Amino acid sequence: MTSPSTRTAPTPAPVWPDPVFGAFCTAGLWPGLGKRAVAELPGAGITTPDDVTAAKLLKMPRVGKQRAERLFSSFLSAAPTYEVVELLVKAGLEAKLASSAADSLGDDAARRLRDDPWALLGLTNVRLGDADRLAISLLPGADRQDSRRGRAIVVMTLRTAARDGHTVLPADLVVAALRAEGVADAAAAITAAVESADVLAHEPPEPEWDEDSGEEPPEPDPALRTLSLARYGMAEEEVAEGVARLAATAERIADPAAVRSVSKGLDEAQKQAVAQVLGAGVSLLTGGPGTGKSRTVAAVVRLLKAKGTEVALAAPTGRAAKRLEELTDHPAVTVHRLLQAQGFGGGFARNEEWPLDADVVVVDEASMLDVELTSALIEACPDGTHLLLVGDPAQLPSIGPGHVLGDLIDSGAVPVTELSTLYRQAEGGAIARLASAVRTGELPPVDSPDREVVVVPASGSGEAARRVVQLVTDSIPRALGIEPRNVQVVTPVHRGPAGTIELNKALKEELNPGDGTVFGFDVGDRVVATANHLDLEPIGFANGEVGVVTGTGEGTLDVAFASGPVTVPGDALPDLKHGWAITVHRAQGSEWPGVVVVLPPEAGGMLSRPLVYTALTRAQQHLSIVHASGAALARAVREVDVRPRRTRLAQLLRENLSQA
DNA sequence: GACCACTA
């Protein structure tokens, strides 16, 4: 423990004679040199890059010979970053950008920025204005019509669209974006972008034309021309090709008699799904929560295991993989692990060259698959592999761009079994009725005299938050007999009075007050994992899992997760948060006896049908909806999605189908 | 302008 009296007074911030060196140091870009040490550099006579020697570093407080040498060599190795800082400081931009520039542009980042200052837009959090300033500083006479600038705006526009899930954008929208930034020759900018190979242009399909009509062939409608970032455009093409390839090379795995042998207890649709996997190269199994998707998968796994067929199970998230493993009693991993991801953007070890060796690959929660991961998965499936995607297209779409599951369904290119009979919730119960109405875009008034569903109106997010606490701690246990530990609060947002942060504070105050002895947690706190730690003893935990703190140690926590107990060491503690209230996104894939959904007014803009549907289908016995978002709720449910994703996959799949 | 996964 450090007592306040032994702490050194903060050294006043030095004024640097060399602004580039000063900016480099104070932005924390010198690896291994902390804030406090930076302030001590001038005291050791180090104020310019030429002053940096092991001998001078040795004069600093708490720096021994070994550390001095290490700091000296880390300074030398940061030379590429230093060069970028030089460019940024002269342009009046933040030095902090230099580290991400060196990361994403490589060791010759400075040279690349001198060649094309707008390459700066390749980093996150850089605005066009910043890149323009760098250009003016580096290229005397640079102007808004520079072709490199136009090219960068095209890429930037497509990248922004990708953040909203789109893989393609109509060329007209890109032209409008170029015009808005003062680019006179939009067509030239698009051509430059396409020539740089970062961007693909997709010509509209040729219109139907009767050759004998004697008329001129009609021009394709140029308004249908689209553009994509090459990585997403190509990924969609790879998925479409891969689906066609697997469909063409599949051989039947088992005969109908074998299906009958494992089908005990399955309904007709579920049996059909089992038969479908055995026959088709790529097949889909869809349906809402409680329709028996997992039971069906378990039957498929039983059948294949009995036949000695190699089956691989995977899911896009750690928690979904864990659940799949429990339900099927067969190992399941994340799709990333299945493909042996090589780290951040490092590609996958399992690919076309070293494909998977399973005969059947099953991916659960397939609505979470984005187009790049899907293309990597399909590439790693050799000819003859059967791929089964299981998911609910009505739930939240993938985080990354693409609309893979929905496009596969819409294309009609692969067989789909849709399960619609509800087994879990009481059939005809208020939760089930509301869920199926929302699934089809309706929001009927709630009619639930038995209080299975209760709507609690609130006038603002502050009142909404108070209602939530009251429901969890008082009304729901008292009136319905569901204890607080079986109730989960679900909200769209982290911030604001009705976001996870404030709600958790208020709920902790009521349910388990304490001062947070270990990393802000006390015994009895509910926690949620925000990252995977699947290797911890004895069984690890997955991102999104909810548990309860059962004990504390020396900087460690014992947590009882639904899947089992885990001792969480200090370095994993930042990946735990309080879990009485969690976001809808995080709640996806889990269910609780009682659920309180909060819809605060500030979430109005992000409400969509999939979000509302996902939120309310988390409830098994009781659902309270604290409603403060006014007309935005009905609008969100009515419109399919506030912003439907623009993709090309369904069209590509249909084209392959018509050519076959 | 908000949310969210995976990986070392």
Side-chain angles (χ1 to χ4, degrees), chain A residues 103 124-125 127 159-165 235 314-324 332-351 363-377 380 391 395-405 461 490-496 498-501 528-536 540-545 571-572 574-575 577 581-590 597-615 618 629 632 636 641-643 645:
Chain A
D103 283 349
T124 43
N125 295 328
R127 276 170 304 190
R159 198 179 287 131
T160 306
R163 273 197 281 275
D164 285 336
T317 69
R319 189 164 37 93
K322 255 190 155 181
R323 216 197 31 197
L324 183 61
V333 292
T334 63
V335 177
H336 283 84
R337 286 204 176 198
L338 180 70
L339 301 178
Q340 296 177 23
Q342 301 295 290
F344 298 92
F348 299 92
R350 305 315 284 268
N351 51 29
V363 179
D364 199 2
E365 297 287 358
S367 59
M368 296 174 171
L369 283 176
D370 67 42
V371 71
E372 284 193 303
L373 188 58
T374 311
S375 104
L377 174 69
Q395 292 198 35
L396 288 165
S398 62
I399 290 166
H403 185 233
V404 176
L405 185 63
S461 46
V490 167
T491 166
V493 288
H494 286 302
R495 289 158 203 268
T500 57
I501 299 166
V528 59
T530 58
N532 286 335
H533 285 272
L534 298 164
D535 300 328
L536 291 179
F541 61 84
N543 190 354
E545 276 196 90
D571 60 351
D575 297 326
K577 303 279 178 287
I582 63 177
T583 59
V584 179
H585 281 85
R586 222 174 262 302
Q588 185 169 22
S590 297
V597 175
V598 203
L599 301 170
E602 58 269 26
M606 68 175 294
L607 291 185
S608 65
R609 188 192 297 177
L611 185 129
V612 174
Y613 178 79
T614 303
R618 301 308 96 209
S629 53
D641 197 322
V642 179
R643 280 158 302 181
R645 294 185 167 195

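Values below: all heavy atoms of this structure, side chains included; hydrogens, waters and symmetry mates excluded. In what follows, chains carry the letters A, B, and so on, assigned in the order in which the sequence lines appear, proteins first and then strands, with residues in each chain numbered from 1. The structure displayed is predicted, hence computed values, not measured ones.
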Side-chain contact check for A/D164: nearest option of B/dG1, B/dC3, B/dA5 is B/dG1
Nearest-Å distance for atom pair CD/C1', residues A/E602 and B/dA2
11 Å
Does B/dG1 have OP1 or OP2 under 4.0 Å away from a side-chain N or O of A/R163?
no
Nearest to the side chain of A/V493 - B/dA5, B/dC3, B/dT7?
B/dC3
Using whole Å, report how far CD1 of A/I399 lies from P of B/dC4.
8 Å
A/Q340 side-chain N/O to A/R337 backbone N/O, donor-acceptor pair under 3.5 Å
no
Does a nitrogen or oxygen in the side chain of A/R337 sit under 4.0 Å from OP1 or OP2 of B/dT7?
yes
Rounded to whole angstrom units, what separation is found between the CD atom of A/Q342 and the C1' atom of B/dA8?
10 Å
Take the protein atom CG of A/L534 and the nucleotide atom P of B/dA5, then report the distance between them rounded to whole Å.
14 Å
Nearest whole angstrom, please: distance from the C1' of B/dC4 to the CG of A/N532.
14 Å
Is A/S398 near enough to B/dC4 that one of its side-chain N or O atoms lies under 4.0 angstrom from OP1 or OP2?
no
Has A/T614 got a side-chain atom pairing as donor or acceptor with A/L396's backbone, closer than 3.5 angstrom?
yes
Choose from B/dT7, B/dC4, B/dC3 the nucleotide whose nearest atom is closest to any side-chain atom of A/M606.
B/dC3
On DNA chain B, more 5' by nearest nucleotide between A/R319 and A/P492 is A/P492
Between the side chains of A/S590 and A/R618, is a donor N or O closer than 3.5 angstrom to an acceptor N or O?
no
Judged by modelled atom types alone, do A/R586 and A/T317 share a side-chain donor-acceptor pair under 3.5 Å?
no
Rounded interatomic separation in angstrom, taking CG from A/L396 and C1' from B/dA5:
12 Å
Between B/dC4 and A/H494, is there an OP1 or OP2 to side-chain N/O distance shorter than 4.0 Å?
yes
Protein-nucleotide distance (A/H585, atom NE2; B/dC6, atom C1'), rounded to Å
15 Å
With a 4.0 Å cut-off on heavy atoms, is A/G400 in touch with a base, just the backbone sugar-phosphate, or nothing at all?
nothing
If we ignore hydrogens and angles and just use 3.5 Å, is the side chain of A/T491 paired with the main-chain N or O of A/A498 as donor and acceptor?
yes
Rounded to whole Å, the NE2-P distance (A/H403 to B/dC4) equals 20 Å
